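Values in this document were obtained by computation on a predicted structure and should not be read as measured data.
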Amino acid sequence: MEPLVCPAPFLKPYDPNEQEAGILELWEKSGYANPDVCVEKGVIKADAEAYSIVLPPPNVTGTLHMGHAAMLAIQDILIRYHRMRGLRTLWLPGTDSAAIATQSKVETDIYKKEKKTRHDLGREELLKRIDAFTDESKKIIIEQVKKMGSSLDWSRYAYTMDEKRYAAVMEAFVRMYEAGLIYRGDRIVNWDPKLQTTVSDDEIEWVEQTTSFYYLKYGPFTIGTARPETKFGDKYVVMHPDDARYKEYTDGQKIQLEWINGPITATVVKDAAVDMEFGTGVMTITPWHDLADFDIAERHKLDKERVIDDRGLLLPIAGEFEGQHIKKARPLIVEKMAAKGLIERVDEKYVNRIATNSRGGGIIEPQIKRQWFVGVDRPFGTPQGKMTLKEWMRAVVEQGEIKIAPERFEKIYFHWINNLRDWCISRQIWFGHRIPAWHHEPRCIPKPGRESDVEKCIPIIVSIEKPTCQFCDAQYEQDPDVLDTWFSSGLWTFSTLGWPFDYAQGKPKPGSDLATYHPTSVLETGYDILFFWVARMVLMSGFLLGQVPFRNVYLHGLVRDGQGRKMSKSLGNIIDPLDMIKKYGADATRLSLIIGAAPGTDLKLSEDRVRGYKHFANKLWNITRFVLENSEDKYGHGVSIFPEDKKLVEEAEVVAKEVSGNIDNFRLDLAADRLYHYVWDRFAAEIIEESKPIFKAGGEAAASRSATLYALLTTSLTLLHPFMPFVTEAIWQQLPKKENDMLMVAKWPTS
RNA sequence: GCGCGGUUAGCUCAAUUGGUAGAGCGCGUCUUUGACGUAGACGAGGCAGCAGGUUCGAAACCUGCACCGCGCACCA
């Protein structure tokens, strides 16, 4: 007898390329990635519990890399699983403008092609060019994200620089300013002389460099430095108050001594920050260009003198070296010091840490600058009473309102908070959210008859709209700076869900996305941006909504090459996810990034792994062929299931429970591994093999077994769907009997 | 310097929280039997970095050491 079910689609090996585009189209047409559609079509109840993830928006500068692929695979698994479990599930996509990185890239491109700088082009033209670039980039990255099978709700797509997000950023800034959390002040910041902008502490990358370390004669003392070119203004000599070697010197004591450019008066300062064990236990300070020195100067109210300008050129304080670049001046200065007998000895092999801008900039030169800051030690009102941003960030994790997985990252998070300084949020670039502060420039030109009110003019106003002056005709000019890209990223969980539009009287409007989906369920990202982003979201959400932004943080590891090296162009070891999709399919690519990837642990990926999982997709395909060829129809209808077959079904239920449990605990690796082995080693290798003689014998046992295999197949497909959505959906579409015409919204086997 | 990971088969990594070690790839032999040769069957291969300790029992827990990686840090 011929099988009643046509196995034609299964005659060839599984070819992902042949199937994936069609499946993507099917999903897209269904609209099921949008929870509203799911509710409309009745696959999810309107009052179902919500489950939401906001996609960490990929930068528009790049194309999809394996890190993105891993992130997409993990989140899509969580999303598909919860959707199948009947939760009102939203996965919200977006892209990120990546301010500095993007501007820097476009500027470089323009300079290469046209030999023009941004100043040649002007602000408006540069922004136009950047927009053109990002529009193109966005399309590319979105297409690539889709190819991974990501069931994102594109109807809610957001871009960090679109109108709604712009409005959210402005609103946030103004509110924080009014609450006193944002202030403008002169503080030491990380200055990038190459990009001519400040950079936040977290964007700095420390590079080790072997340099010379000089021991200099400073009056009766010996001081050490790796940077002699900064020492012109050093007029304080600092030592530990308990250092017995220097007890003859008293705090505030003046000492005359010969220095680089002649005699100076130095002042003794006693401060416990000095490490008695290091060097001679004595140091001089350069408060304008060193963070630690700045702090000491602040504590003792000392003078701060600037030595180096924004471009890295020495100022008049350097005397004959004025106008020279620090790099070129150093040997000359050393030479002069040596000639004056100020150099006692030199350590040639000193390993120094150099701060560089990880966003493609230059070597950081600390500078004191007037910038905008978020004060992390300033109290504000929260649902738990008054606390500072730091306290809030610590409290919500300590109290378990936010759970971080793997747990060890909580320690790292606390450690970071303890060392957190006020966050410099202004950047001197053009691409980004412009600061809504308005300066009264030029100075007042009084209105006729209001001359006496000139004093009342407010020099700086923070507001979204351009203000006008009541007393004079001068115009307010907007602050030229833009905000750190992480400022807007910090709003991401709620700016994408309708804040501030759907927020009034201190709460979200009922029925709005903000009310339904915030706090989000999970924030899933690489551990490398725990501080940049995760902590900033906690901060912003705490102040602006009095809420946590997410209940769980799940951190995945970095994807490295087969030998554990970072993937990079220069090493030529990049595995391109799009290549892998083309060669082995999106399902195989996904599995290779999931199985064996323990949470928070780096994953070493080789092409062999991906190939291995392509075989698995094929296995599933062939299992299906066998099951359909031996379909129940062949052996008669209305079968009763034999006890040994019932056992098989129960066994599958146990697997389903284990898989669910592992997903709930973010152990996707274990869940996928369990399924892999169940399907291959148990279902295919044992159950199917056992079934062959049963089918040969025919009769009721065969009918029972046939129905059972079919049930095991559909259960396996369902369980595997979050992990390998394409091949499972492709098979599902060919099945003669199924409860739901789309596996994407089929019911998960456990409740 | 402080802190956190890691060290298991030739390679890359697991083992759901103490019960005589597993997978993928690679390797060897066999098999074209009613899904699958992108396969199947069978097999070789690990005294678990080192030294101690706890335990009836440890890869897992404790101590120390070594090496690798990472995070943080005001050694000027």
Practice task
Report yes or no: is there a donor-acceptor pair, N or O only, under 3.5 Å between the side chain of A/E689 and the base of B/A41?
Solution key: no

Rounding to an integer number of angstrom, what distance separates [N] and [M] when you compare their [atom1] atoms?
N     : M     : atom1 : result
B/G5  : B/U31 : C1'   : 46 Å
B/A9  : B/G22 : C1'   : 10 Å
B/G69 : B/G53 : P     : 32 Å
B/A41 : B/C50 : C1'   : 41 Å
B/U17 : B/C61 : P     : 13 Å

What is the base-pairing partner of [N], counting Watson-Crick and G-U wobble geometry with both distances under 3.5 Å?
N     : answer
B/C65 : B/G49
B/U55 : none
B/A39 : B/U31
B/G10 : B/C25
B/A15 : none
B/C75 : none

Of the candidate nucleotides [options], which contains the atom at the shortest distance from the side chain of [X]?
X      : options             : result
A/Y350 : B/A35, B/A76, B/U38 : B/A76
A/K231 : B/A76, B/G71, B/C72 : B/A76
A/F213 : B/C36, B/U16, B/A76 : B/A76
A/I688 : B/C72, B/A76, B/A35 : B/A35
A/K614 : B/A35, B/C72, B/U38 : B/U38
A/A685 : B/C75, B/A41, B/C36 : B/A41

OP1 or OP2 of [N] under 4.0 Å from side-chain N/O of [X]:
X      : N     : value
A/K619 : B/G40 : yes
A/W680 : B/A23 : no
A/K692 : B/A35 : yes
A/R353 : B/A73 : no
A/H615 : B/A39 : yes

Exercise for the section: Could you check whether the rings of A/W680 and A/F616 sit parallel, tilted or perpendicular, using 30° and 60° as the cut-offs? Expected result: parallel

Exercise for the section: Anything under 30° is parallel, anything over 60° is perpendicular, the rest tilted; go ahead and classify A/Y527 against A/F409. Expected result: parallel

Handout entry: A/S200 and A/W486: side chain donor to acceptor below 3.5 Å
Key = no

Handout entry: Stepwise salt bridge (Lys or Arg N to Asp or Glu O under 4.0 Å) test for A/E229 and A/R330
Key = CA-CA 5 Å; A/E229 70 277 13; A/R330 182 186 292 182; 3.0 Å; yes

Practice task
For A/V274 and for A/D15, locate the closest nucleotide of RNA chain B by heavy-atom distance; then report the residue assigned to the nucleotide nearer the 5' terminus.
Solution key: A/D15

Handout entry: Residue met sooner reading RNA chain B from 5', once A/P13 and A/W206 are mapped to nucleotides
Key = A/P13

Touch class at under 4.0 angstrom, heavy-atom based, for [X] against every strand present:
X      : result
A/D295 : nothing
A/A617 : nothing
A/G557 : nothing
A/Y676 : sugar-phosphate

Practice task
Determine whether the aromatic ring centres of A/F723 and A/Y676 lie less than 6.0 Å apart.
Solution key: no

Problem - Where A/A586 and A/E20 come nearest, the two heavy atoms and their spacing - result: N-OE2, 2.7 Å

Problem - NZ/NE/NH1/NH2 to OD/OE distance under 4.0 Å, A/K304 and A/D186 - result: no

